[in-house]
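Structure first, then comments.
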Amino acid sequence: MTDNQTVQACVDAWTQSIESISELLAPLPTDSWNRATECPGWSVRDVVSHIIAVESELLGDPRPIHSLPRDLLHVTSEFARYVELPVDKRRCHTPIELTSELEYVVIRRSRALRNSRQEPGDQVRSPAGPLTRELPYWALLRDRAVDVWVHEQDLRRALGVPGNLGSPAALITRDALLEGLPKAVAGLAGAPAGTVVSFDVTGAVEFLRTVRVDAEGRGTVDERVSLAPDVQFAMDWETYVRLACGRGRPGPVKAEGDQELAARVLANFALMP
């Protein structure tokens, strides 16, 4: 796939997921907007507000002027405060106001993406407050596809409406998360040189990957099957995503082999991206 094809694939995946969210919200009764999601402190309305806020900022809209309450226990860092401010600002908005704003920002953002003259490798700003950094244009679009899809799944679980687990954005999310496996195993879990850890994931997105730690303690991931790994994990796709994105361990995770190492890997799984 060429760089331009990668950009288009990310845009298409983002579009499919954010339109799926709009369809999910359209028939939603008012009380369902207050259902808690797996994002600490956030309801359905808050997740939607977050998506609107990020896409608005990418369009160059000014951040709202707002004083954040001091009693929000889930806000524990400067980055969390940065993300929370536009969410809290919208907590007084009605569902109709939020769905209208989401529809409008999607129209504007889609137009901006179609008309963009950015090259895939151009360095662009990723708005993240104290964590703001520059990254290639294609990577920003990939991050947006991943973020919107992950939050789509947060909304679906909160509302009890499963779906889209094998969508184009799900495949992009798989590839993005796989890049973090060596860090989870070799770096965060401190697996020693020579360690082999395999991941067998089933469900809407299936894959088998093996992380190998070399003599210098560096981890690499590949598709080769190891007959006797030090640890072999088996789980379904949704469980894998929820673990990797810090949503806890909602489903069964089978771990064979070195149980101490397996526990360390799982404990640090959400820190790998």
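Residue pairs that meet the side chain to side chain donor-acceptor pair (under 3.5 Å) test with at least one member in residues 185-211, sequence neighbours left out, do not exist here. Residue pairs meeting the salt bridge (charged side-chain N to carboxylate O under 4.0 Å, His left out) criterion with at least one partner in residues 7-36, sequence neighbours excluded, are absent.
The CD1 atom of I65 lies 8.0 Å from the NZ atom of K89; values are rounded to the nearest 0.5 Å. A distance of 13.0 Å separates CD1 in I96 from CG in L25, rounded to the nearest 0.5 Å. For the atom pair CD1 of I21 and CG of N164, the computed distance is 9.0 Å after rounding to the nearest 0.5 Å. D154 contributes atom CG, which lies 10.5 Å from atom CG of L159 (distance to the nearest 0.5 angstrom). Atom NE2 in H50 sits 10.5 Å away from atom CD in E84 (nearest 0.5 Å). In this structure, CD in Q123 is found 10.0 Å from CD in Q118, a value given to the nearest 0.5 Å.
Side-chain atoms of P120 and N4, non-hydrogen and from C-beta on, do get closer than 4.5 Å to each other. You'll find the side chain of P127 reaches within 4.5 Å of the side chain of Y82, heavy atoms only. Here the side chains of P86 and R63 are in contact, with some heavy-atom distance below 4.5 Å. Proximity of L165 to V241: side-chain heavy atoms (C-beta onward) are nowhere separated by under 4.5 Å. Residues T173 and L177 have side chains in contact (heavy-atom distance under 4.5 Å, counting atoms from C-beta outward). P192 has its side chain out of reach of V213: every pair of non-hydrogen atoms, C-beta onward, lies at least 4.5 Å apart. Side-chain contact between D214 and T220 is absent, with no heavy atoms from C-beta onward closer than 4.5 Å. In this structure the side chain of R247 reaches within 4.5 angstrom of the side chain of C39, judged on heavy atoms.
When hydrophobic clusters are built by joining Ile, Leu, Val, Met, Phe, Trp and Tyr residues whose side-chain heavy atoms come closer than 4.5 Å, directly or via intermediates, L208 is not grouped with L178. L72 and V44 fall into different hydrophobic clusters, defined by Ile, Leu, Val, Met, Phe, Trp and Tyr side-chain heavy atoms under 4.5 Å apart, directly or through other members. L59 and V148 end up in the same hydrophobic cluster when Ile, Leu, Val, Met, Phe, Trp and Tyr side chains are linked at under 4.5 Å. Under the 4.5 Å side-chain heavy-atom criterion for ILVMFWY residues, a single connected hydrophobic cluster contains both V231 and F207. No continuous path of ILVMFWY side-chain contacts below 4.5 Å connects I52 to Y104, so the two sit in separate hydrophobic clusters.
Closest heavy-atom contact between D230 and G194: OD2-O, 3.9 Å. Of all non-hydrogen atoms in A53 and R90, the two that sit nearest each other are CB-NH1, 3.9 Å. Of all heavy-atom pairs spanning Y240 and M235, the tightest one is CA-SD, 3.6 Å. The shortest heavy-atom contact between H74 and P40 is CD2-O, 3.3 Å. A145 and A169 get closest at one heavy-atom pair: O-CB, 3.9 Å. Between G163 and E152, the closest heavy-atom pair is O-OE2, 4.4 Å.
Residue P229 forms a side chain to side chain contact (heavy atoms under 4.5 Å, CB included) with just one option from V197, D258, V196, V211, and that option is V196. Residue H151 forms a side chain to side chain contact (heavy atoms under 4.5 Å, CB included) with just one option from V54, V47, T37, I18, and that option is V47.
Formation of a donor-acceptor pair under 3.5 Å by the S17 side chain with backbone atoms of W14 is not found in this model. Judged by distance alone, the side chain of D143 and the main-chain N or O of L140 form no donor-acceptor pair under 3.5 Å. S110 places a side-chain N or O within donor-acceptor distance of the main-chain N or O of V106, the cut-off being under 3.5 Å. Side-chain atoms of R117 come within 3.5 Å of backbone atoms of N115 as a donor-acceptor pair (strictly under, hydrogens ignored).
Using a cutoff of 4.0 Å between basic side-chain nitrogens and carboxylate oxygens, R45 and E97 are not scored as salt-bridged.
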Evaluate the side-chain contact (heavy atoms from CB on, under 4.5 Å) criterion for residues V48 and H93: first the C-alpha distance (whole Å), next the side-chain angles of each, then the deciding distance (0.1 Å), finally the verdict.
CA-CA 11 Å; V48 175; H93 292 195; over 6 Å; no

Start with the C-alpha gap between F199 and V185, add the side-chain angles, then the distance that decides, and say whether side-chain contact (heavy atoms from CB on, under 4.5 Å) holds.
CA-CA 11 Å; F199 296 82; V185 174; 4.2 Å; yes

R212 vs S226, side-chain contact (heavy atoms from CB on, under 4.5 Å): CA-CA, chis, key distance, verdict:
CA-CA 10 Å; R212 306 172 194 277; S226 178; 4.3 Å; yes

Check step by step if salt bridge (Lys or Arg N to Asp or Glu O under 4.0 Å) holds for R156 and E238.
CA-CA 12 Å; R156 288 186 175 280; E238 189 171 11; over 6 Å; no

After noting the C-alpha distance and the side-chain angles of W42 and V83, does the key distance pass the side-chain contact (heavy atoms from CB on, under 4.5 Å) rule?
CA-CA 11 Å; W42 280 7; V83 172; 3.5 Å; yes

Show your reasoning for whether salt bridge (Lys or Arg N to Asp or Glu O under 4.0 Å) applies to R144 and E55.
CA-CA 9 Å; R144 293 310 308 138; E55 299 301 338; 2.9 Å; yes

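Remark: the W149 side chain and the Q16 side chain contain no N/O donor-acceptor pair separated by less than 3.5 Å. Side-chain contact annotation: D3 with T6, donor-acceptor N/O pair under 3.5 Å absent.
Applying the 6.0 Å contact sphere to CD of Q259 captures more than 12 heavy atoms from other residues, nucleotides or ligands. Summarising the local packing, CD of E216 is surrounded by more than 12 heavy atoms from other residues, nucleotides or ligands at distances under 6.0 Å.
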